[in-house]
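For this chain, numbers begin at 1 and follow the sequence in order. These numbers come from a predicted model, not from an experiment.
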Amino acid sequence: AGANARAEVGLRLAAAEHWFWFLRDRRNEGSIWFDRVLARNPATSASTKANRAKVLCGAGFLANWRRDLERATFLSEEGLALFRELGDERGIGWALNNLAWVANHQEDYSRGRKLGEESAALLRKTGDKGNLIWSLNALGDAALRQRDYERAADFYQEALALSREIEDITSTAWLLPDVSQVFQFQGEYERAIPLLEESLILLRQLNSKTGIPYTLAHLGQVALHQGDYEKAVALCEESLSLFREMGYTESIHWPLDLLGVAACRQGEYERAAAFFKESLVSNRRFGYRQGTAENLAGLGAVAASQGQLEPAVRLFGAAEALLSAVGTDLGPADREQYDHCVASVRAQLDEATFATAWAEGRAMTREQAIDYASGLAVNSQQVTRSAQPLSPRRAPRREFGGLTPRERQVATLVAQGKSNREIAEELVLSERTVENHVGNILSKLDFGSRAQIAASAVEKGLGKSTP
């Protein structure tokens, strides 16, 4: 009886501790502690089974975050079996949520969505808003990767609303970057930035060393797509440094890839290749197929810049094969750059040569593609940005005085005589955001009035309709 009582106390105390370890960025230490508790305290009664199931799911949660997906699956499935035996629907929902995230991290988004829906239904039924937030988050992640942006936004927004309702600052801080992703994918960067800035403030208040570098990488990605390479590099370097400091090697692939893109767009091809290749090492280790595809696409662009056209095509073909296997795609802005680069290379080769190299790339296994990309030789030649061909996105920015697509939309509406309030209503922005856009336009074009903006927009052909 004494041993059973001690086991029950040990499991009950451990059952509530997974958030303690997560919030303090001590996932490895927490996992070791959970394993010891589980080994020493078998389930011998209904109450110890319930607490053991909670500990199993808590340990599975931490293993998931460490990307030890085999361990996360084993722990979560054992917890799920105990919860089913006990008829605990809330616990079943929690365990299914763990497994939904495992599926997402394995890039099996259809399975992730199915498990997430099962989890969310049970957590709604039992009124567990805290765990429902994370089921909705898993559903949003799966929908986003499947390019179902409307449903992704619905899932993320519901999760964020719930986190604010129950005043869960941690969940709010982590969800804000996810909501911003939908805006990023739609090119609505001015709507993504305030969400990321709020997230960064909250994460710093929480002293979350895990969350901060993720949000910094998001901000770096936004700056990259806005063409502010200096800012993008600074943010991504800070993100990478924090990930390295924490020993989170499973996460460094993302800022490394962004740094590679920034270097490539500035003509620093040797640096770009180094970043992409280091990112490949991380993606290979943790089995990230989409990340690998992004690296291959980046190295294909580097090869193209060096005049290595057939190797570039093989890398592009290998990237496409991986994306098809996962059932996902590059983000819209990245896809636009990629398609432009592929088209440019294709125009320089005869169709038979292009088709052969493309087929060779698509036929490569992931390991073969990684080995091929890792062996790409790059010289130290740096091409100035002015000498690089402009992508479809960058060409109009230069033509219209460096204005972003959103600033050009605002300039168009100014030329139509609309007030800031009317522009805000049409573009679904805050009036303050429109004021900022108008100020940026005046600054970039060195103008002093809205009338000058209107005259310039008409002169550039922007005055009739929103581009």
Pair Gln221-Gln184, side-chain hydrogen bond (donor to acceptor under 3.5 Å, both in side chains): steps then yes or no
CA-CA 9 Å; Gln221 181 169 264; Gln184 290 182 55; 2.6 Å; yes

Would you say CD1 of Ile169 has more than 12 non-hydrogen atoms from neighbouring residues, nucleotides or ligands within 6.0 angstrom?
no

I'd like to know if Glu78 pairs up with Arg52 as an ion pair, taking the criterion as any Lys NZ or Arg NE/NH1/NH2 lying under 4.0 Å from an Asp or Glu carboxylate oxygen.
yes

Check Leu176, Leu136, Leu144 against Tyr156 for a side-chain contact (heavy atoms from CB on, under 4.5 Å) and give me the one that passes.
Leu144

Got a sec: does the CD of Glu150 have more than 12 other heavy atoms crowding it under 6.0 Å?
no

Within residues 230-240 or reaching into it, pairs that qualify as salt bridge (Lys or Arg N to Asp or Glu O under 4.0 Å) - sequence neighbours excluded
Arg204-Glu238

Would you check, one step at a time, whether the test side-chain contact (heavy atoms from CB on, under 4.5 Å) holds for Thr170 with Leu203?
CA-CA 8 Å; Thr170 299; Leu203 289 167; over 6 Å; no

Exceeds 12 heavy-atom contacts within 6.0 angstrom, atom CD of Glu167
no

Tell me every residue that passes side chain to side chain contact (heavy atoms under 4.5 Å, CB included) with Thr73, counting only those two or more places apart in sequence or in another chain.
Glu77, Leu99, Val102

Can you check whether Ser135 reaches Trp94 side chain to side chain, under 4.5 Å on heavy atoms?
no

Non-hydrogen side-chain atoms of Phe183 and Leu195 separated by less than 4.5 Å:
yes

What do the steps show when you test Tyr109 against Val326 for side-chain contact (heavy atoms from CB on, under 4.5 Å), and what is the final call?
CA-CA 8 Å; Tyr109 300 117; Val326 177; 3.8 Å; yes

Quick one: do Lys49 and Glu85 make a salt bridge, cutoff under 4.0 Å?
yes

Could you check whether the rings of Trp358 and Phe354 sit parallel, tilted or perpendicular, using 30° and 60° as the cut-offs?
parallel

From Arg335 CZ over to Arg147 CZ, what is the distance, rounded to the nearest 0.5 angstrom?
8.0 Å

Answer whether the closest heavy-atom distance between the side chains of Trp101 and Asp141 falls below 4.5 Å.
yes

A side-chain contact here means heavy atoms from C-beta on lying under 4.5 Å apart; do Glu360 and Val313 qualify?
no

Please determine whether the number of non-hydrogen atoms from other residues, nucleotides or ligands lying under 6.0 Å from atom CZ of Arg90 exceeds 12.
no

Just checking, is any N or O donor in the side chain of Thr172 or Ser163 under 3.5 Å from an acceptor N or O on the other one?
yes

Search all heavy atoms of Ala369 against all heavy atoms of Ala318 and return the closest pair with its distance.
CB-CB, 3.8 Å

Pair Arg421 + Glu425, salt bridge at N-O below 4.0 Å:
no

Between Thr210 and the options Tyr248, Trp65, Trp174, the side chain to side chain donor-acceptor pair (under 3.5 Å) test singles out Tyr248

With no hydrogens and no angle check, just 3.5 Å: does a side-chain donor-acceptor pair link Gln106 and Tyr288?
no

Step-by-step side-chain contact (heavy atoms from CB on, under 4.5 Å) determination, Glu158 to Ile133
CA-CA 8 Å; Glu158 184 182 356; Ile133 287 168; over 6 Å; no

Sequence neighbours excluded and cut-off under 3.5 Å, please list the side-chain donor-acceptor pairs for residues 271-281, or say none.
unit_1	atom_1	unit_2	atom_2	d
Arg271	NE	Glu268	OE1	3.2
Lys277	NZ	Ser374	O	3.3
Lys277	NZ	Leu376	O	2.6
Glu278	OE2	Arg244	NH1	3.2
Glu278	OE2	Arg244	NH2	2.7
Ser279	OG	His253	O	2.8
Ser279	OG	Asn283	ND2	3.4
Ser279	OG	Asn295	OD1	3.3
Ser279	OG	Asn295	ND2	3.1

CA sep, side-chain torsions, deciding dist, call: Arg362, Glu320, salt bridge (Lys or Arg N to Asp or Glu O under 4.0 Å)
CA-CA 7 Å; Arg362 286 192 64 89; Glu320 286 286 358; 5.0 Å; no

Regarding Asn137 and Asp178, is there a side-chain donor-to-acceptor distance under 3.5 Å anywhere?
yes

Starting from the C-alpha separation in whole Å, work towards a yes-or-no answer on side-chain contact (heavy atoms from CB on, under 4.5 Å) for Leu139 and Glu117.
CA-CA 7 Å; Leu139 283 166; Glu117 287 168 352; 3.6 Å; yes

Asp329 and Arg145 ion-paired at < 4.0 Å
no

Asn98 and Ser76: side chain donor to acceptor below 3.5 Å:
yes

Would you call Arg151 and Asp154 a salt bridge, using N to O less than 4.0 angstrom?
yes

Side-chain heavy atoms of Arg285 within contact of Glu250, under 4.5 Å:
no

Could you tell me how the ring of Tyr214 sits relative to the ring of Phe243: parallel (under 30°), tilted (30 to 60°) or perpendicular (over 60°)?
perpendicular

Within 6.0 angstrom of Arg111 CZ, more than 12 heavy atoms from elsewhere
no

